[in-house]
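The next block holds one structure in the form of structure tokens; read it before the comments.
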Amino acid sequence: MASNGDDNCNANANVWRFKGNGATSDAAAVTLRKLAFGMFKNCTMNSGKTILFPTPGEPSAHPNFRTCPEAEEAVAAAARSGMANSYAPSPGVFKARRAVADYLNGELPTKLKPEDVYITGGCNQAIEIVIDSLAGNPAANILLPRPGYPHYDARAVYSGLEIRKYDLLPESDWEIDLDGLKAAADENTVAMVIINPNNPCGNVYTYDHLNKFASIAPVITLGSISKGWVAPGWRVGWIAMNDPNGIFISTGVVQAIEDFLDLTPQPSFILQEALPDILEKTPKEFFDKKIKAMRRNVELSSERLKDIPCLFCPKKPESCSYLWLKLDTSMLNNIKNDFDFCTKLVSEESLILIPGVALGAENWVRISIGTDESVVEEIFDRLKGFYDRHTISKEAIKLNGHAINQIVVSVV
């Protein structure tokens, strides 16, 4: 009887006074990881091919997409030095903060100081810290781009910030819809997120365009070495406060960020110790070689897309390892939308791409081309095979159009 009682007690959740935090489920539901791996998990793999999941920044055997020896040596030297075996200060190691300030200053009219920089565990942690620190007003809202990077959405959901979207315009080289932006903002808007260079569209905003909406506001810059140095697993990034008038100090945002840093684990001391050499000693040739390889992949992709007319790229990426493609489902049989397209692509070709709906835009698809040229060729080989199986013949399209015309005439 005692055993049965214990079993009943374990089965009946009502007797317990604790439960899981639903906010984490709500936030995780809009992350790329949840969608991509969930899509993969729920698919039946029928192709017999190896799984191909091209991810930008992933190291590869190809020298164009592997981090540079200078960065690797900087990390190794930091580990060998014995100087990075303790806990790091919450805001970050001072020499790392100074190196990031120097790296970002460039032509900034007001130069960053080391105290303006905080070191984080990659850019995603920087997003989490900043959004949580801005969520002090229960009525606050945040303006996010559509399409955009969903980790901003996820963290805003978790922090209780109202999300308002502004559009990026494909017909204007993905510039911001300024009228829509003004309509979305009000007295409770605490921040506007600008992704530049843009993910997923690949465009770079001009100074003139940025100056139309970001000329008077203080700016928080988030960044990391993940994509640029092809080292996402190193997990080191930063928050930089460009605020010459001290607005973030007077409103308590700086204090909130510093308090949050006291609550969260610090990024690796070894990586922070290595960061100055990574930023200062990486040769220009490393980036030139990577950019040249990316340009070849862009041109290769543009050529291969000519044989897959259901996918169209309105603008070649300028500074991004993605292609952002419009999907025309009217050319495909038994494909309802971008999510259906990507799900069936996994099942039939073992190729995982990101559906646009995950980034806020239905019937778009994001493809990573920040990888070896042979992998890009394989991506488009599989896409071509999928298109050939699902394409509707031109004759069928004409017949469908004729049938629709007949229906319209009969109704009129």
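Treat the numbers as computed from the prediction; the structure is a model and nothing was measured.
If you take CD on Glu378 and OG1 on Thr371, they are separated by 11.5 Å, rounding to the nearest 0.5 Å. Within the model, atoms CZ of Phe341 and CD1 of Ile335 stand 7.0 Å from one another, a figure rounded to the nearest 0.5 Å. A distance of 12.0 Å separates CG of Asn137 from OG1 of Thr251, quoted to the nearest 0.5 Å. Note: Cys313 SG to Leu305 CG = 7.0 Å, rounded to the nearest 0.5 Å. Note that OG1 of Thr189 and CD1 of Ile142 are 9.5 Å apart. Values are rounded to the nearest 0.5 Å. Note: Leu323 CG to Leu311 CG = 10.0 Å, rounded to the nearest 0.5 Å.
Taking every heavy atom of both residues into account, Phe248 and Asp243 meet most closely at N-OD2, 2.6 Å. Pairing each heavy atom of Gln272 with each of Ala88, the nearest pair is NE2-CB, 3.5 Å. The two residues Pro145 and Lys165 come nearest to each other via the heavy atoms O-NZ, 3.8 Å. Listed here is the closest heavy atom pair of Asn333 and Ile392: N-CG1, 3.5 Å. The minimum heavy-atom distance between Asn337 and Asn363, with the atom names listed, is CA-OD1, 3.3 Å. Closest approach of Asp186 to Asn188, counting heavy atoms only: OD1-N, 2.8 Å.
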task: Step by step, work out the salt bridge (charged side-chain N to carboxylate O under 4.0 Å, His left out) result for Glu377 and Arg382.
output: CA-CA 9 Å; Glu377 288 278 18; Arg382 297 191 191 189; over 6 Å; no

task: Verify side-chain contact (heavy atoms from CB on, under 4.5 Å) between Glu70 and Phe286, making sure each step is shown before the conclusion.
output: CA-CA 10 Å; Glu70 291 81 1; Phe286 167 72; 5.8 Å; no

- request: Report the C-alpha distance between Tyr152 and Ile195 in whole Å, list the side-chain angles of each, state the deciding distance to 0.1 Å, and finish with yes or no for side-chain contact (heavy atoms from CB on, under 4.5 Å).
  value: CA-CA 11 Å; Tyr152 288 99; Ile195 304 174; 4.1 Å; yes

- prompt: Would Glu73 and Arg80 satisfy salt bridge (charged side-chain N to carboxylate O under 4.0 Å, His left out), going step by step from the backbone distance to the final call?
  reply: CA-CA 10 Å; Glu73 177 54 32; Arg80 289 193 301 262; 2.6 Å; yes

- request: Test Asp173 against Asn203 for side-chain contact (heavy atoms from CB on, under 4.5 Å), laying out the working first.
  value: CA-CA 7 Å; Asp173 291 340; Asn203 60 303; 5.7 Å; no

message: Please determine whether side-chain contact (heavy atoms from CB on, under 4.5 Å) holds for the pair Lys284 and Asp288, giving the CA-CA distance in whole Å, both sets of side-chain angles, and the decisive distance to 0.1 Å.
response: CA-CA 6 Å; Lys284 179 177 179 294; Asp288 290 343; 2.8 Å; yes

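Ring geometry, Phe213 versus His209: the interplanar angle exceeds 60°, so the pair is classed perpendicular (tilted spans 30 to 60°). Relative orientation of the Trp324 and Trp364 rings is parallel, given thresholds of 30° and 60° on the angle between their planes.
Although no hydrogens or angles enter the test, the distance criterion places no donor-acceptor pair under 3.5 Å between the side chain of Asp167 and the main chain of Leu169. Lys344 contributes a side-chain N or O that, together with a main-chain N or O of Asn334, makes up a donor-acceptor pair within less than 3.5 Å. In this structure a side-chain-to-backbone donor-acceptor pair under 3.5 Å is present from Asn196 to Tyr205. Checked by atom type and distance alone, the side chain of Ser172 never pairs as donor or acceptor with a backbone atom of Glu175 at under 3.5 Å. Although no hydrogens or angles enter the test, the distance criterion places a donor-acceptor pair under 3.5 Å between the side chain of Ser268 and the main chain of Ile270. The backbone N or O of Tyr322 lies less than 3.5 Å from no partner atom in the side chain of Ser368, so there is not a single donor-acceptor pair. Looking at Ser159, its side chain never comes within 3.5 Å of a backbone N or O of Ala156 through a donor-acceptor pair. At distances below 3.5 Å, at least one donor-acceptor pair connects side-chain atoms of Asn105 with backbone N or O atoms of Ala101. Asn245 places no side-chain N or O within 3.5 Å of a backbone atom of Ile247 that could act as its donor or acceptor partner. Side-chain atoms of Thr343 do not come within 3.5 Å of backbone N or O of Asp340 as any donor-acceptor pair.
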Side-chain donor-acceptor distances from residues 255-265 under 3.5 Å, at least two apart:
from: Gln255; atom 1: NE2; to: Asp259; atom 2: OD1; distance (Å): 2.9
from: Glu258; atom 1: OE2; to: Tyr118; atom 2: OH; distance (Å): 2.7
from: Asp262; atom 1: OD1; to: Ser90; atom 2: OG; distance (Å): 2.9
from: Thr264; atom 1: OG1; to: Gln125; atom 2: NE2; distance (Å): 3.0

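Residues Leu108 and Thr110 form no side-chain contact, since every pair of their non-hydrogen atoms from C-beta on lies 4.5 Å or further apart. A heavy-atom distance below 4.5 Å is found between the side chains of Asn141 and Leu143. Residues Lys316 and Ser302 meet the side-chain proximity criterion, which asks for heavy atoms closer than 4.5 Å. Using a 4.5 Å cut-off on side-chain heavy atoms (C-beta onward), Tyr166 and Ile176 make contact. A heavy-atom distance below 4.5 Å is found between the side chains of Glu349 and Arg389. The shortest distance between side-chain heavy atoms of Thr282 and Asp277 does not fall below 4.5 Å. Taking 4.5 Å as the limit, some side-chain heavy atom of His390 sits within range of a side-chain heavy atom of Glu348. Using a 4.5 Å heavy-atom cutoff, the side chains of Glu373 and Leu300 are in contact.
In this structure, Lys111 places its NZ atom where more than 12 heavy-atom neighbours from other residues, nucleotides or ligands lie under 6.0 Å away.
Side-chain atoms of Thr120 and Trp238 form no donor-acceptor pair, as typed in the model, at a separation below 3.5 Å. No donor-acceptor contact under 3.5 angstrom links the side chains of Asp116 and Asn242, judged on distance only. In this model, no donor atom of one side chain and acceptor atom of the other lie less than 3.5 Å apart for Thr206 and Asp208. Defined by atom type and a distance below 3.5 Å, a donor-acceptor pair is missing between the side-chain atoms of Arg155 and Asn124.
Using a 4.0 Å cut-off between charged side-chain N and carboxylate O, Arg66 and Glu72 make a salt bridge. We find that Glu162 and Arg164 are joined by a salt bridge, their nearest charged nitrogen and carboxylate oxygen being less than 4.0 Å apart. Look at Arg98 and Asp102 and you find no salt bridge, because none of the NZ, NE, NH1 or NH2 atoms lies under 4.0 Å from a carboxylate O.
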